[in-house]
Amino acid sequence: MAAGPRELARLIDALPRERLEQVFTHASWADDRSSSYERLEFLGDSVLELAIARAVFDRFGEASEGRLAKIRAHVVSRQSCAAVAKELGLGDRLLDYAGEIPADELKRISRSRNVLAAVLEAALAAVYLEHGFERIEPAIVDAFGDNIEFARSSHVDYKTELQEALARSGRQVHYTVLEVEGPPHDRRFVCAAHVAGAQLGIGRGSTKKAAEQEAARQALEALGVEPEQF
């Protein structure tokens, strides 16, 4: 296991048996839904958001509120949580608490992105209840370190950057599809970005969204706006 999640894994492993049972009990297996991981998931979601919000606030000192919100949203997304859960082996540990569950159902549940994310959040709540926030915060941030760094280096959302830049002067951007090239299985879109009736950028891409992103990038250049980096 990578160094990042190691401390969080240790904290989870050291949980009392009764906490572990709740963390790894799916609602469909429980006699009472309140004894499943769902209640813990509710709390763990807030624990995770606070830990990551503090981390990105400290690390990205020049980022705007909107940019911080986007970074946090990426880091705490279901996909991100599921990836960390897989690295911690939480899906495999569901097997130990499943009881007499049909193999095909158990396989489906243990690999579900939503289930993995929920189990991770439940585990975070459990270690929080055992140790308090200050004790577990560094372990959470370390476990999500790669996700935070990816958010730092991921591509700039040119469309959002352009929209926010124009909003400061009360202007808006409008996109049009100029052309659709190629056969249905290999489309190429040509889109333009218009501001105040002027065409400021033209983009091409395999999807309409990709073409609009390129058009927005050119529009930012035309306006002399430097896209905000993390």
Side chains of [X] and [Y]: closer than 4.5 Å at any heavy-atom pair?
X	Y	value
Asp142	Leu8	no
Leu129	Leu43	yes
Leu11	Glu130	no
Val23	Arg93	no
Leu94	Phe24	yes
Tyr128	Ile140	no
Lys70	Thr160	yes
Val141	Arg54	no

Please find the pair of heavy atoms, one from [X] and one from [Y], that lie closest to each other, and give the distance.
X	Y	answer
Ala9	Leu88	CB-CD2, 3.7 Å
Gly44	Ala125	N-CB, 3.5 Å
Ala219	Leu162	CB-CD2, 3.8 Å
Val127	Leu124	CG2-O, 3.2 Å
Ile12	Ala123	CD1-CB, 3.8 Å

From [atom1] ([X]) to [atom2] ([Y]), nearest 0.5 Å:
X	Y	atom1	atom2	result
Gln79	Ser77	CD	OG	5.5 Å
Glu65	Leu68	CD	CG	7.0 Å
Lys86	Arg113	NZ	CZ	9.5 Å
Leu120	Asp45	CG	CG	10.5 Å

Are the side chain of Arg78 and the backbone N or O of Asn114 linked by a donor-acceptor pair below 3.5 Å?
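Checking the backbone N and O of Asn114 against the side chain of Arg78, a donor-acceptor pair under 3.5 Å is found.
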Is a side-chain N or O of Glu41 found less than 3.5 angstrom from the main chain of Glu121, in a donor-acceptor match?
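No.
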Joint hydrophobic cluster, [X] plus [Y], side-chain heavy atoms closer than 4.5 Å:
X	Y	result
Val75	Phe57	yes
Tyr175	Leu223	yes
Phe133	Phe42	no
Phe144	Leu116	no
Leu15	Leu48	yes

Check salt bridge (charged side-chain N to carboxylate O under 4.0 Å, His left out) between Arg171 and all other residues, then give those that pass, not counting sequence neighbours.
none
Restricting to salt bridge (charged side-chain N to carboxylate O under 4.0 Å, His left out), what partner residues turn up for Glu137, sequence neighbours left out?
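Partners of Glu137 under the salt bridge (charged side-chain N to carboxylate O under 4.0 Å, His left out) test: none.
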Is Glu221 salt-bridged to Arg217, cutoff N-O under 4.0 Å?
yes
What's the verdict on salt bridge (charged side-chain N to carboxylate O under 4.0 Å, His left out) for Glu212 and Lys209, showing C-alpha distance, side-chain angles and the deciding distance?
CA-CA 5 Å; Glu212 289 177 348; Lys209 181 177 180 180; over 6 Å; no
For residues 187-204, tabulate all N or O donor-acceptor pairs below 3.5 Å that involve a side-chain atom, not counting sequence neighbours.
unit_1: Arg187; atom_1: NH1; unit_2: Gly182; atom_2: O; d: 2.4
unit_1: His194; atom_1: NE2; unit_2: Thr176; atom_2: OG1; d: 2.9

Between Arg168 and Glu164, does a salt bridge (charged side-chain N to carboxylate O under 4.0 Å, His left out) hold up when you go through it step by step?
CA-CA 7 Å; Arg168 290 191 283 270; Glu164 291 178 353; 5.5 Å; no
Compute whether any side-chain donor of one residue and acceptor of the other, for Glu214 and Gln218, lie under 3.5 angstrom apart.
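Checked: Glu214/Gln218 side chains pair up, N/O donor to acceptor below 3.5 Å.
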Are more than 12 heavy atoms from other residues, nucleotides or ligands located less than 6.0 Å from atom CD of Glu181?
yes
